[in-house]
Structure formats: structure tokens, C-alpha cells
S.K.: 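Please find one structure pasted underneath; my questions will follow.
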Amino acid sequence: MIRIAAVGDVHVDKDVVGRYRPALEELPDRADALLIAGDLTRHGTVQEAKCFATEFGGLGVPVVVVLGNHDHQSDQPDAVTKAIEDAGITVLESAATVLELRGHRLGIAGTKGFGGGFAGACASNFGEREMKDFVGTTERYAAGLGEALRSVRCDALVALTHYAPVPETLVGEPLEIYPFLGCYQLGQAIDSAPTALALHGHAHHGSERGRTPGGVPVRNVAHPVIKQAYNVYQLLSDSDDVDSELAAVS
Ligand SMILES: [Fe+2]
């Protein structure tokens, strides 16, 4: 069994440093790795990225993250990525990594993703150049995730995104903003590989649990949704249920 701790939308700046740390100190006793589903910072500055790295670095377990839209706010995602990687944290964008945990190979493929909407209510690649650019961005991130997922050889495969791959985990958000919270193409990418679990954030008022059309469990781990420092999910257990009895970690 592999135990994965996950959270998203931690939005760290200098005022947040220290808020998560007490719960994180106990994390190595409860989970084998920590995955963070974007919006690591508030405004995407390098200073905030360093604050994030201070808060979530040096935990004693591998930490793997994707960026969120907030981490792009200052138009320096590369510098933000470097500040986080300098703390030994893995940042994925249309890429994958493999962790050796408890004798198993855990594959994690990640992307920030993008909006676009879901079946019957989505943007289409038609008309103005600006709309084609928008949908082209959606498709580029989803294609990057799909290729990364299919490239991994592992015992258990996890997809990590900021934007949502299904509408079920957006329930609670206004319907009008669903197209800005996720896209169906991410769900298709997840279903194009033997993905065991999909984690995302971004939808602060959404719901925790959903499933892709292909049946992959989806969990919205945005901090305001799970209301704790992290949830723990289990893979490769005797039970098919990914939701661990440890999910009540505060
Ligand atoms: Fe976000």
C-alpha cells in the first residue's frame, strides 16, 4: 500500500508561513509522499515561492507539485518553479516523475491545466483568433498531461492538476464559472492511461469526490474543500477504496 497526502490552494505568503507546519511535521508518520495541486502562492512572486518552499520543504517525504493560476499572476512561472525546486520539491508541468515508495513505483504526471468547460457547455475551437488561442491553450495542457501519463512505467499512476478534469467536483461553485474551473480534455487525458487517482484543486467551493467518464476516482483537494492541512489517499491496498481511514488528519 502507498499512502498519498494531498492538498491544493495553500496560497502561501509571508503571513501564512507556520500555519501548515505543525500538521506537516506529523505527515511522515501518516503518508509516504505529499502532492500539492497548485496555487502554492498568493500572487506568484519569487518571495512567496520561497515562503512556500520554507513551509513545505524538508518534510522527510518527497513533495511533488504543479503550479496554479495564482502562481502565474506575476508572469514569472519559471522563477517561481526554480525557487521551489531549489528546496528539493519536484514541480511538474506536462511531465512525470516516479517515486520508489515502500517497494512500489508511484508514477505522478502533472500539469497546471486550464479552463474550457465540460461536455455540452464548453468553449470550442472556432471563430475569433482569441477563442482559438484560448481553446488551443486548453488542448495543449491536456495533451501534455496525456503524454506524460502514458510515458510512465509504474505500479500506481496518479494525475496531478490544478484545474478540474470533471464537473462533479465543482458542485457548489456557480455553474456560470465552470468553464473557468476546468475542462473535459483533462478528463480525457486521464482516461487515456491506466490512472489510479486524479487530484486537483482550484475549486474552493466545490466537492471532494468525482469520477472521470472512464471511472478514475477524482478528488478535489483544495484546502477550503478538505478543510485540513492534507487528506490521505491509499493506493495498491487490498480495498478498491482510495479514501484512507486516515483521511481525517487535521
Ligand atoms: Fe486556482
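Just so you know, ligand 1 is whichever comes first in the structure, and atom 1 is the first atom listed for that ligand.
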S.K.: Check for me: within less than 2.8 Å of the Fe ion (ligand 1), which protein N/O/S atoms show up?
M.R.: Asp39 OD2, Asn69 OD1, His162 NE2, His202 ND1
S.K.: Any carboxylate oxygen within less than 4.0 angstrom of a Lys/Arg side-chain nitrogen, looking at Asp78 and Lys82?
M.R.: no
S.K.: Check each of His11, Gln73, Lys14 against Arg42 using the side-chain contact (heavy atoms from CB on, under 4.5 Å) test, and report the only one that passes.
M.R.: His11
S.K.: Any sub-3.5 Å donor-acceptor pair from Glu55's side-chain atoms to Gly18's backbone N or O?
M.R.: yes
S.K.: Can a donor-acceptor pair be found, under 3.5 Å and without considering hydrogens, that links the side chain of His202 to the backbone of Phe114?
M.R.: no
S.K.: Scan side-chain atoms only and decide if His162 and Asn69 contain a donor-acceptor pair under the 3.5 Å cut-off.
M.R.: yes
S.K.: Is it the case that the side chain of Asp32 and the backbone of Arg3 share a donor-acceptor pair, with hydrogens and angles ignored and the cut-off at 3.5 Å?
M.R.: yes
